[in-house]
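First comes the structure, then the notes that go with it.
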Amino acid sequence: MSFSDESRLHYQTVIDGIKAEGVFKQERYIHAPQSSEIEVEFPAGSPIRRCINMCSNNYLGLSSHPEVLAAARKGLEERGYGMSSVRFICGTQDIHRELENRLTTFLGTEDTVLFPSCMDANAGFFEACLTEQDVMIADRLVHASIVDGMRLCKAVRDTFKHSDMDHLEQKLQEHHDKHFRMIITDGVFSMDGDTAKLAEIVSLAERYNAMVFVDDSHATGFIGKTGRGTQEHAGVLGKIDVITTTLGKALGGASGGCVSGRRELVEMCRQRARPYLFSNSVAPVIVAGALKVLDLISGTTERRDKLEWNARYWRGLLQNAGFDLRQGDTPIVPVMLYDAKLAQEFARDLFAEGVYAIGFFFPVVAKGQARIRTQLSAAHEKHQLDFALEAFVKIGKKHRILGVDKGEFVTQSA
Ligand SMILES: *Cc1c(COP(=O)(O)O)cnc(C)c1O
């Protein structure tokens, strides 16, 4: 018996430590499809509560869209349930290639390769494309999956202070002797909801002969006037060398990711990226659903426009009520509470009022930067946001964190 009493005691002590720190994560069981209103069991065994969902990545409200479900069902009937293979053995159907081509057109790139997830795309890309002679220069707040991908790659690793262009320039100068320089950033940073300064990044890349890598998971489908992502928002369409993104957020929310960009880099991923070579194909039912999602969002900007309206409306409501928000113009609206314990209590109290939002604290965000991160969806209706605001105000008053309680001037809610 190798899992001895001593082993068990060791792990139990670590888990107890996580609980003592107040950062133990507990799952909430949702008894309904993903939507703007869901039925949640929390804690386990409690009665199910109907609540407004303010924390999903279902940005365009397509996770349970009837046309996506119908397309997925048709895909299931016509192409089966599973591929039982990785892509290069017998895991590529016509619809996998069709989806890659459609993503290439949508993103305005040269080619695209699907991965089981964007985590896998990021885990595989760097090792496949860069060597010891190159350098990766990443924003300090990039997603964990990029950090992991960089760890797997032998190129030199460096970082620049979050969105600090002077610091990035300094790093590009420092690494002038490397063969290739690659600037690495998220398009939208998920904890603060701010966007990367892509116009400046592209111009620095041109000046210092560097490639640009953008993970647009929190942007594809809705940021930019036609939803092409942060590259459209920043006016640099076609100038990003590598875009990675997910099908697991706005694009239907099931799973799957991709690397899209320069033809040769995408081909290197097909030849060398380990999650592409050694992990199963995206299931046909998801591929068929994602094709429908691209139909729906290529034909009209109606959904991303509604999302933009919802985000602006919600931000205005919170601001007028006196909440301390992180500034930004994305559907990620963080309500700053700073204290981890307060963030947890606030989320629990909101839940009791029928609003589902989660507190984020260290190590997900910096110490002393705890917050409730709210996320908008095109599926939200105005009355749901008004309802959620009432709960936020009630709980805000309870915890005495509203501007008005601190004696500050607060404008009247419109
Ligand atoms: C969500 C997210 C991922 C992971 O996407 P999956 O497809 O779920 O693996 C990667 N990068 C960023 C920036 C993300 O927000």
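Whatever order the structure lists them in is the order used to number ligands and atoms, beginning at 1. Worth saying up front: this structure is predicted, and the values here are computed from it rather than measured.
Between F323 and F346, the ring planes lie perpendicular to each other; the angle is over 60°, past the 30° to 60° tilted range. Ring orientation note: the planes of F3 and Y11 are close to parallel, at an angle under 30° on the 30°/60° scale.
Close contacts between ligand 1 and G256 involve ligand atoms 7 (O) [criterion: under 4.0 Å to a heavy atom]. The ligand atoms of ligand 1 that sit less than 4.0 angstrom from a heavy atom of H218 are 15 (O). Below 4.0 Å from some heavy atom of K249 lie the following atoms of ligand 1, by number and element: 1 (C), 2 (C), 3 (C), 14 (C), 15 (O). Atoms of ligand 1 lying under 4.0 Å from any heavy atom of S145, numbered from 1 in the order shown and given with element: 10 (C), 11 (N).
In terms of protein heavy-atom proximity, atom 5 (O) of ligand 1 is closest to C118 CB, 3.4 Å.
For the pair R79 and D94, the minimum side-chain heavy-atom distance is below 4.5 Å.
Ligand 1 has a nitrogen or oxygen under 3.5 angstrom from a nitrogen or oxygen of T246. Polar contact check, D215 against ligand 1: a nitrogen or oxygen pair lies under 3.5 Å apart. At least one N or O atom of M119 sits closer than 3.5 Å to an N or O atom of ligand 1.
Contact between G187 and ligand 1 is absent, with no heavy atom of the residue lying under 4.0 Å from the ligand. Residue S190 places no heavy atom under 4.0 Å from ligand 1. Heavy-atom separations between G248 and ligand 1 are all 4.0 Å or longer.
Remark: K171 fails to qualify as a cation-pi partner of F160 under the 6.0 Å distance and 45° angle criteria applied to the six-membered ring.
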Practice item. Applying ring-ring contact (aromatic ring centres under 6.0 Å, His included), run through F189 and H162 and close with a yes or a no. Key: CA-CA 10 Å; F189 291 87; H162 178 53; 4.5 Å; yes
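With respect to the salt-bridge test (charged N to carboxylate O, under 4.0 angstrom), the residues D134 and K178 do not qualify.
Note: F213 and F126 meet the aromatic proximity criterion, with ring centroids under 6.0 Å apart.
The CD atom of E232 lies 11.0 Å from the OG1 atom of T220; values are rounded to the nearest 0.5 Å.
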